Amino acid sequence: MIVRRDTMTIKSNLKEILDERNLSVLKVSKDIGYRYESVRTFYTDENKQYPKELLDKLCDYLDVTPGDLIKYEKEPNSN
């Protein structure tokens with residue numbers, strides 16, 4: 001018997017947060033003193049890993065927790 005498990009993945013929620021607050025990636029990267037490309041990659045959910053320093057700076061700047069910035073969700077079935 002084959003048991004199929006749902007595939008879970010970690011996703012960035014930064015786009016939703018910045019869009020909701022009308023903040024640009026460029027403004028945030030300048031305000032927190034972090035490389036634009038790194039913040040943009042987080043915004044577009046292209047990260048392979050989440051740098052602790054970037055998470056710290058974003059949490060402080062946006063007054064959120066890491067759980068607000070990233071989410072763990074089920075991927076759509078590819079059956």
Side-chain angles (χ1 to χ4, degrees):
M1 170 182 243
I2 297 174
V3 176
R4 294 189 188 247
R5 295 180 187 230
D6 293 327
T7 303
M8 300 295 285
T9 187
I10 295 175
K11 299 279 189 181
S12 170
N13 203 34
L14 185 60
K15 179 178 182 351
E16 290 81 3
I17 293 170
L18 296 190
D19 290 355
E20 182 179 283
R21 298 179 186 197
N22 295 317
L23 292 170
S24 72
V25 173
L26 183 59
K27 175 174 177 28
V28 171
S29 66
K30 285 182 179 181
D31 288 352
I32 66 173
Y34 211 86
R35 288 185 27 237
Y36 168 80
E37 187 60 28
S38 296
V39 179
R40 186 201 63 77
T41 301
F42 199 128
Y43 178 87
T44 57
D45 195 30
E46 297 171 17
N47 280 67
K48 299 276 187 246
Q49 50 189 325
Y50 296 89
K52 182 183 181 304
E53 182 183 10
L54 178 54
L55 281 170
D56 286 341
K57 288 181 178 241
L58 287 170
C59 285
D60 185 50
Y61 180 77
L62 298 168
D63 193 29
V64 297
T65 67
D68 296 321
L69 289 173
I70 54 178
K71 53 191 170 187
Y72 189 59
E73 65 181 27
K74 191 183 310 187
E75 287 189 342
N77 284 338
S78 57
N79 295 344

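The structure presented is a predicted model; accordingly, all values stated were derived computationally and were not measured.
In terms of modelled atom types and a separation under 3.5 Å, the side chain of Asp68 and the main chain of Thr65 share a donor-acceptor contact.
For the atom pair CG of Asn47 and NZ of Lys11, the computed distance is 12.0 Å after rounding to the nearest 0.5 Å. Summarising the geometry, atom CD belonging to Glu53 is positioned 9.5 Å from atom OG belonging to Ser38; distances are rounded to the nearest 0.5 Å. Residue Thr41 holds its OG1 atom at 10.0 Å from NZ of Lys48, rounded to the nearest 0.5 Å. In this structure, Tyr43 OH and Asp19 CG are separated by 3.5 Å, a value rounded to the nearest 0.5 Å. Note that the OG atom of Ser12 and the CD1 atom of Ile10 stand 11.0 Å from one another [nearest 0.5 Å]. The distance from the OG1 atom of Thr7 to the CD atom of Glu73 is 12.0 Å, given to the nearest 0.5 Å.
Partner of Phe42 under the side-chain contact (heavy atoms from CB on, under 4.5 Å) criterion, out of Ile70, Leu18, Asn13, Val28: Ile70 alone.
In this structure the side chain of Ile32 reaches within 4.5 angstrom of the side chain of Leu58, judged on heavy atoms. Looking at Tyr50 and Pro66, their side chains never come closer than 4.5 Å, going by heavy atoms from C-beta outward. In this structure, Leu62 and Leu14 have side chains that are in contact, with non-hydrogen atoms separated by less than 4.5 Å.
Heavy-atom neighbours of Lys30 NZ from other residues, nucleotides or ligands within 6.0 Å: at or below the threshold of 12.
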